[in-house]
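Hydrogens, waters and symmetry mates play no part in the numbers below; they use all other heavy atoms, side chains included.
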Amino acid sequence: MSRPKKKRKINHPPKMLGFKPFGIRFCDTEQVIMQYEEYETVKLVIYDNLSQDEAAEKLEVSRPTLTRIYNSALKKIGQAFVEGKSIVIKGGDFEFHKDWYKCNRCFKLIDGIDDPTKCDDCPDDDKDELENLNE
């Protein structure tokens, strides 16, 4: 029996749900599913310019595990780029460092709020617009 997968630690959820190729309608494209931990490895290694050792420490995984996740993410990005597929970011075996919410009306990301039913940037008449991203 294999050991259960350790949850990867994600600091901040992505600002978007994914990407689509320019010039092709979203409904006309096939999708590549990128997991949250794959997104996070690309962000840490490429965008934040961390070494794989430093990125593995932030994700709380071993460096070889980070390399496997990172290579999987690059393969998916390459496939989407070459084949004109959309990338959808969802799923995976992860947990955020803190509670994150996304407003379904203005799409703002919010952390550590007192009232998890209301977005401070949206009109007061609309309750329950916040979606808990930690579930």
Side-chain angles (χ1 to χ4, degrees):
M1 184 166 155
S2 65
R3 188 167 63 94
K5 274 178 110 176
K6 188 176 174 184
K7 291 197 180 288
R8 283 71 160 127
K9 305 295 183 198
I10 308 295
N11 187 40
H12 193 282
K15 295 181 180 187
M16 68 291 174
L17 300 174
F19 279 94
K20 74 173 204 69
F22 181 74
I24 302 174
R25 293 184 329 182
F26 182 76
C27 60
D28 291 340
T29 65
E30 292 183 37
Q31 297 177 352
V32 173
I33 306 298
M34 178 178 281
Q35 296 180 337
Y36 276 98
E37 59 263 31
E38 292 170 328
Y39 162 82
E40 186 75 359
T41 60
V42 170
K43 180 189 152 307
L44 292 172
V45 174
I46 296 176
Y47 183 78
D48 294 341
N49 202 29
L50 298 179
S51 70
Q52 287 195 4
D53 288 329
E54 293 168 320
E57 195 173 297
K58 287 202 178 263
L59 239 56
E60 296 185 13
V61 297
S62 69
R63 202 229 12 101
T65 297
L66 179 111
T67 301
R68 281 192 301 275
I69 297 169
Y70 180 69
N71 287 339
S72 173
L74 291 180
K75 184 175 181 176
K76 290 176 180 181
I77 292 169
Q79 179 186 14
F81 186 74
V82 171
E83 298 177 12
K85 293 183 178 183
S86 297
I87 298 174
V88 176
I89 303 169
K90 68 178 183 180
D93 200 16
F94 70 96
E95 64 186 17
F96 294 114
H97 284 288
K98 51 188 164 182
D99 288 338
W100 282 96
Y101 298 87
K102 185 174 208 162
C103 178
N104 290 325
R105 189 171 191 185
C106 69
F107 304 108
K108 177 181 174 184
L109 290 173
I110 306 164
D111 70 324
I113 58 173
D114 297 328
D115 182 8
T117 62
K118 183 175 120 21
C119 176
D120 292 335
D121 290 348
C122 291
D124 289 340
D125 62 338
D126 198 8
K127 292 281 193 187
D128 297 327
E129 68 255 9
L130 294 183
E131 174 186 353
N132 188 340
L133 297 176
N134 303 299
E135 297 174 346

Next on the checklist: Minimum heavy-atom separation for Lys85 and Pro21, please, with both atom names.
Outcome noted: O-CD, 3.7 Å
Checklist entry - What class does the angle between the rings of Tyr36 and Phe96 fall in, given that below 30° is parallel, 30 to 60° is tilted and above 60° is perpendicular? => result perpendicular
Checklist entry - What residues, two or more places apart in sequence or in another chain, satisfy side-chain hydrogen bond (donor to acceptor under 3.5 Å, both in side chains) together with Glu60? => result none
Checklist entry - For Glu38, which residues count as a side-chain hydrogen bond (donor to acceptor under 3.5 Å, both in side chains) partner, sequence neighbours excluded? => result Ser72, Lys76
Checklist outcome for this item: Rounded to the nearest 0.5 angstrom, the NE2-CD distance for His12 and Glu40 is 10.0 Å
Next on the checklist: If you define the side chain from C-beta out and look only at heavy atoms, does anything of Ile46 sit under 4.5 Å from Tyr70?
Outcome noted: yes
Checklist entry - Got a second to check how far Ile10's CD1 is from Lys43's NZ, nearest 0.5 Å? => result 9.0 Å
Item to check | Euclidean distance, Ser86 OG relative to Met34 CE, rounded to 0.5 Å | outcome: 12.5 Å
Checklist entry - If you round to the nearest 0.5 Å, how far is CG of Leu66 from NZ of Lys58? => result 12.5 Å
Checklist entry - Can Arg8 and Asp93 be said to form a salt bridge (charged side-chain N to carboxylate O under 4.0 Å, His left out), step by step? => result CA-CA 6 Å; Arg8 283 71 160 127; Asp93 200 16; 5.2 Å; no
Item to check | Atom CD of Gln52: over 12 foreign heavy atoms under 6.0 Å | outcome: yes
Item to check | Nearest-0.5 Å distance, OG of residue Ser62 to CZ of residue Arg68 | outcome: 6.0 Å
Checklist entry - Given the rule that I, L, V, M, F, W and Y join up when any side-chain heavy atoms are under 4.5 Å apart, are Ile77 and Met16 in one cluster? => result yes
Checklist entry - Which atoms form the tightest heavy-atom contact between Ala55 and Val45, and what is the distance? => result CB-CG2, 4.0 Å
Item to check | CD1-CG distance between Ile87 and Leu17, expressed to the nearest 0.5 angstrom | outcome: 13.0 Å
Next on the checklist: Looking at every non-hydrogen atom in both residues, tell me the closest pair between Phe94 and Lys7 and how far apart they are.
Outcome noted: O-CD, 3.9 Å
